[in-house]
Visitor: 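Mind having a look at this structure? Questions to follow.
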Amino acid sequence: MKKSFVLIPAAAIVLFAGYQYLQSANRIIFKINGEAAVTAAGEMEYQPVMDISAQAIGLKAEQHGKDISDQIQSTDYVIDELKTYTLIYTAGDAQFQYELSVCDTTPPLIEGLSAYTLMQGEAFDISMLQLQATDNFDGILLIKSVLRVM
């Protein structure tokens, strides 16, 4: 009788361990830049069209050691502010959270004539320099005239 009592708990432990093994074998593992993770954070420079795909942030997914990155999905996000966004990526029933900080560190680009010769007595208007300033976040900027005589 004592042997049967030992076998029943041992069989239950073996079944439970087998179940746990199968569950972990089916588990989807997310990797960002080669390291397993369930969350990560990063920063991107603002662009008028932001690529926040799994591939763009370096996110991959594996199941049974096989790359299933083509199954990663995310909802469409509108990135139109300089702030931190919480992006959710899924593959099967697994979920990955990415905190994306969108910043604007690129200075505006000012283009126009580099020099303009003004003759004595000639009126000057800043539009003569044909200046245009654009910024990747703010778009076309208004140029206010500042004239320094040296």
Side-chain angles (χ1 to χ4, degrees), residues 8-118 122-150:
I8 292 173
I13 290 171
V14 168
L15 285 174
F16 180 74
Y19 174 76
Q20 291 296 336
Y21 173 77
L22 288 175
Q23 288 293 77
S24 67
N26 276 336
R27 193 175 86 208
I28 294 171
I29 299 170
F30 285 105
K31 290 185 175 183
I32 186 136
N33 299 320
E35 299 291 323
V38 290
T39 64
E43 184 176 283
M44 274 189 189
E45 182 73 16
Y46 177 84
Q47 295 297 322
V49 177
M50 299 283 297
D51 181 2
I52 55 169
S53 65
Q55 184 178 13
I57 66 166
L59 182 63
K60 294 187 177 286
E62 291 181 1
Q63 188 175 34
H64 303 293
K66 181 182 173 192
D67 185 0
I68 60 163
S69 299
D70 60 335
Q71 296 178 25
I72 298 175
Q73 298 179 349
S74 69
T75 53
D76 291 331
Y77 294 95
V78 175
I79 308 290
D80 59 358
E81 295 181 57
L82 302 177
K83 68 176 193 175
T84 300
Y85 294 84
T86 300
L87 309 176
I88 306 295
Y89 298 87
T90 59
D93 60 354
Q95 181 174 302
F96 180 85
Q97 182 175 310
Y98 191 75
E99 297 292 323
L100 175 66
S101 295
V102 178
C103 60
D104 179 19
T105 59
T106 304
L109 176 64
I110 301 173
E111 297 176 298
L113 300 177
S114 61
Y116 184 84
T117 304
L118 188 62
E122 184 180 353
F124 176 76
D125 183 340
I126 190 122
S127 65
M128 294 174 174
L129 294 177
Q130 302 171 11
L131 297 175
Q132 181 176 4
T134 55
D135 183 73
N136 64 338
F137 179 71
D138 298 311
I140 296 175
L141 303 174
L142 175 64
I143 298 177
K144 295 183 179 181
S145 61
V146 175
L147 182 60
R148 289 197 179 125
V149 178
M150 304 216 185

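Predicted model, so just to flag it, every value in this text is computed and none were measured.
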Visitor: Does Ile140 have more than 12 heavy atoms from other residues, nucleotides or ligands lying within 6.0 Å of its CD1?
Guide: no
Visitor: Where do Met50 and Gln47 come nearest, in terms of heavy atoms and distance?
Guide: SD-N, 3.1 Å
Visitor: Out of the candidates Thr39, Ile32, Leu87, only one should pair with Phe96 under the side chain to side chain contact (heavy atoms under 4.5 Å, CB included) rule; please name it.
Guide: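 Between Phe96 and the candidates, side chain to side chain contact (heavy atoms under 4.5 Å, CB included) is satisfied uniquely by Ile32.
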Visitor: Tell me, please, which residues at least two apart from Tyr46 pass ring-ring contact (aromatic ring centres under 6.0 Å, His included).
Guide: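 So Tyr46 forms a ring-ring contact (aromatic ring centres under 6.0 Å, His included) with Phe137.
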Visitor: Quick one: CG on Asp93 to CZ on Arg27, what's the gap to the nearest 0.5 Å?
Guide: 11.5 Å
Visitor: Sequence neighbours left out, what passes side chain to side chain donor-acceptor pair (under 3.5 Å) with Glu99? Give chain and number order.
Guide: Thr86, Gln97
Visitor: With a 3.5 Å cut-off and sequence neighbours excluded, list the donor-acceptor pairs that the side chains of residues 53-60 form with protein atoms.
Guide:
| unit_1 | atom_1 | unit_2 | atom_2 | d |
| --- | --- | --- | --- | --- |
| Ser53 | OG | Asp51 | OD1 | 2.9 |
| Ser53 | OG | Ala56 | N | 3.1 |

Visitor: Considering only heavy atoms from C-beta outward, does the side chain of Ile88 approach that of Thr75 to under 4.5 Å?
Guide: no
Visitor: With salt bridge (Lys or Arg N to Asp or Glu O under 4.0 Å) as the rule and sequence neighbours excluded, what pairs involving residues 66-75 come up?
Guide: none
Visitor: Does Lys83 have any side chain to side chain contact (heavy atoms under 4.5 Å, CB included) partners at least two apart in sequence or in another chain, and if so, which?
Guide: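 Lys83: side chain to side chain contact (heavy atoms under 4.5 Å, CB included) contacts with Glu81, Tyr85.
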Visitor: Listing request: all salt bridge (Lys or Arg N to Asp or Glu O under 4.0 Å) pairs with a residue in residues 28-40, at least two apart in sequence or in separate chains.
Guide: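 Qualifying pairs: Lys31-Glu62.
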Visitor: What orientation do Tyr98 and Tyr89 show, parallel under 30°, tilted 30 to 60°, or perpendicular over 60°?
Guide: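 Tyr98 vs Tyr89 ring planes: perpendicular.
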Visitor: Minimum heavy-atom separation for Ala61 to Ile28, with atom names?
Guide: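 For Ala61 versus Ile28, the nearest heavy atoms are CB-CG2, 4.1 Å.
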Visitor: Tell me if the CD atom of Glu122 is crowded by more than 12 foreign heavy atoms within 6.0 Å.
Guide: yes
Visitor: Quick check: do Cys103 and Glu45 have side-chain heavy atoms less than 4.5 Å from each other?
Guide: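 The answer is yes, as the side chains (C-beta and beyond) meet within the 4.5 Å cut-off.
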